[in-house]
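Beneath this line is the structure, given in structure tokens, with notes to follow.
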Amino acid sequence: LVPAGTVAGLALALAILLLARRQMSIANALRHALRKDEFFLLYQPIVELATGKWVGAEALLRWRRATGELIGPDLFIPIAEQTGTITKLTGRVIRLVQRDAGRFLVDFPGFHIALNLSASDLRSTAIVDLLDRLLAQTGARPANLIVELTERALLDIGSARKVISALRKRGIEVAVDDFGTGYSSLSYLESLELDYLKIDRSFIEAIGTRAPTSQVVSHIIRMADAMGLRMIAEGVETQAQADFLIANGVQYAQGWLFAKPISFDELSRALDGTLPE
Ligand code: C2E
Ligand code: CA
Ligand code: CA
Ligand code: CA
């Protein structure tokens, strides 16, 4: 008979092995998908709360497999991050933004496209070169771009600081994504040059409820104000949430109340004629 501890140990090792194999097979599928051009972007409008105007859009990655199956980023981004495929994927995102929005941004210099970067994208300034190339090849302005960095990506403060200052020197704006879900302290954020703070959906959901989290939103807003950061509320689904945000001085929002992520064609058709030159 084998001791129970050994059995548990073997089961654990097997589970880890299976998980690793599943990740590797998804990582292989991702590399294949890059070659086959199976990725595209949807754009979720960012709304100025005071006017309801669409002032920008966040680029959100989608994977359409040859089978027609649509895979969301929550599934494949973490695996791409763990297996090192993410930098290639980010490069693809930048090229897709260039293709979709390049001309549009030249015509509408006031419009912003926000794109998501991962922690590994900040390990070198190669990312800055990619964005420079996007700007050079399209004629879009640096102020057309917002880069979204999660608190987790900011944890490696040395490299984050380098990339952030290179971006901001060019006039590209920087947002802290999913704010409130990570580990960053106030003093930590204060030591970085940032433009926007995106309030995570989990806090917006709590607005108007009795959950203790609902108190946190007001604190976050006061803090961002004190730091001179503009705010973008994420996942706004109800008018009551929007009213609260407006009353508390939050400038921008995203969410199903205003618009779901849509194709760039739909976005530009909806905006046609409504934007100032
Ligand atoms: P995120 O950056 O926090 O993006 C916001 C997510 O909230 C999007 O999910 C969006 O579709 C969803 N959302 C927007 N409004 C609402 C709402 O009113 N209600 C609800 N319930 N959800 C809403 P999505 O597109 O599935 O993206 C999930 C995450 O995947 C993103 O979260 C981001 O962390 C990551 N991601 C997406 N595209 C990229 C990318 O190009 N690069 C990287 N590194 N990560 C990406
Ligand atoms: Ca984001
Ligand atoms: Ca977010
Ligand atoms: Ca989020």
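Please read all numbers here as calculations on a predicted model, not as lab measurements.
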Q.
Using every non-hydrogen atom in the two residues, find where Val106 and Thr138 come nearest and quote the distance to one decimal.
A.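 Of all heavy-atom pairs spanning Val106 and Thr138, the closest is CG2-O, 3.0 Å.
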Q. What heavy-atom pair brings Gly110 and Asn144 nearest, and what distance separates the two atoms?
A. N-ND2, 4.5 Å
Treating [X] as the side-chain partner and [Y] as the backbone partner, does any N or O pair qualify as donor plus acceptor under 3.5 Å?
| X | Y | result |
| --- | --- | --- |
| Glu193 | Ile164 | no |
| Asn248 | Phe244 | yes |
| Gln251 | Met231 | yes |
| Arg161 | Ser191 | yes |
| Gln44 | Ala259 | yes |
| Gln241 | Thr238 | yes |
| Arg170 | Ala166 | yes |

How many angstroms lie between atom [atom1] of [X] and atom [atom2] of [Y], to the nearest 0.5 angstrom?
| X | Y | atom1 | atom2 | result |
| --- | --- | --- | --- | --- |
| Phe203 | Phe179 | CZ | CZ | 7.5 Å |
| Asp177 | Leu149 | CG | CG | 8.5 Å |
| Arg168 | Leu192 | CZ | CG | 10.0 Å |
| Phe264 | Leu41 | CZ | CG | 10.5 Å |
| Ile220 | Ile199 | CD1 | CD1 | 6.0 Å |
| Ile146 | Ile113 | CD1 | CD1 | 9.5 Å |

Are the charged groups of [X] and [Y] less than 4.0 angstrom apart, N to O?
| X | Y | value |
| --- | --- | --- |
| Asp129 | Arg133 | no |
| Arg152 | Glu81 | yes |
| Lys198 | Glu148 | yes |
| Arg201 | Asp178 | no |

Any side-chain heavy-atom pair of [X] and [Y] under 4.5 Å:
| X | Y | result |
| --- | --- | --- |
| Arg103 | Asp107 | yes |
| Leu60 | Arg62 | yes |
| Phe111 | Leu267 | yes |
| Ile172 | Pro142 | yes |
| Tyr252 | Leu49 | no |
| Asn116 | Val93 | no |

(Q) Does Val236 form a side chain to side chain contact (heavy atoms under 4.5 Å, CB included) with Val47? I'd like the steps, not just the answer. (A) CA-CA 11 Å; Val236 177; Val47 175; over 6 Å; no
State plainly whether one hydrophobic cluster holds both [X] and [Y], where clusters connect Ile, Leu, Val, Met, Phe, Trp and Tyr through side-chain heavy atoms under 4.5 angstrom apart.
| X | Y | result |
| --- | --- | --- |
| Leu42 | Leu145 | no |
| Trp256 | Ile232 | no |
| Leu34 | Phe76 | yes |
| Val176 | Val216 | yes |
| Leu155 | Val174 | yes |

Q) Is Arg31 atom CZ crowded by more than 12 heavy atoms from other residues, nucleotides or ligands, each under 6.0 Å away? A) yes
Q.
With side-chain hydrogen bond (donor to acceptor under 3.5 Å, both in side chains) as the criterion, how do Gln137 and Gln98 come out once you've worked through the C-alpha distance, each side chain's angles and the decisive distance to 0.1 Å?
A. CA-CA 8 Å; Gln137 292 184 354; Gln98 175 172 335; 2.6 Å; yes
Q: Run the numbers on Ser202 and Thr213 for side chain to side chain contact (heavy atoms under 4.5 Å, CB included), then give the verdict.
A: CA-CA 8 Å; Ser202 53; Thr213 320; 5.8 Å; no
Would you kindly say whether [X] and [Y] are connected by a side-chain donor-acceptor distance under 3.5 Å?
| X | Y | value |
| --- | --- | --- |
| Glu234 | Gln254 | no |
| Glu38 | Trp63 | yes |
| Ser120 | Ser118 | no |
| Ser263 | Glu266 | yes |

Q: Let me know which of Ile71, Leu70, Asp37 forms a side-chain contact (heavy atoms from CB on, under 4.5 Å) with Arg64.
A: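 Among Ile71, Leu70, Asp37, the one that satisfies the side-chain contact (heavy atoms from CB on, under 4.5 Å) with Arg64 is Leu70.
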Q: For side-chain hydrogen bond (donor to acceptor under 3.5 Å, both in side chains), just list the numbers for Thr51 and Glu48, CA-CA rounded to whole Å, side-chain angles, deciding distance to a tenth of an Å, and then say yes or no.
A: CA-CA 6 Å; Thr51 60; Glu48 184 177 51; 2.7 Å; yes
Q.
Would Arg230 pass as a cation-pi partner of Tyr196, given that its NZ or CZ must be under 6.0 Å from the six-membered ring centre and within 45 degrees of the axis?
A. yes
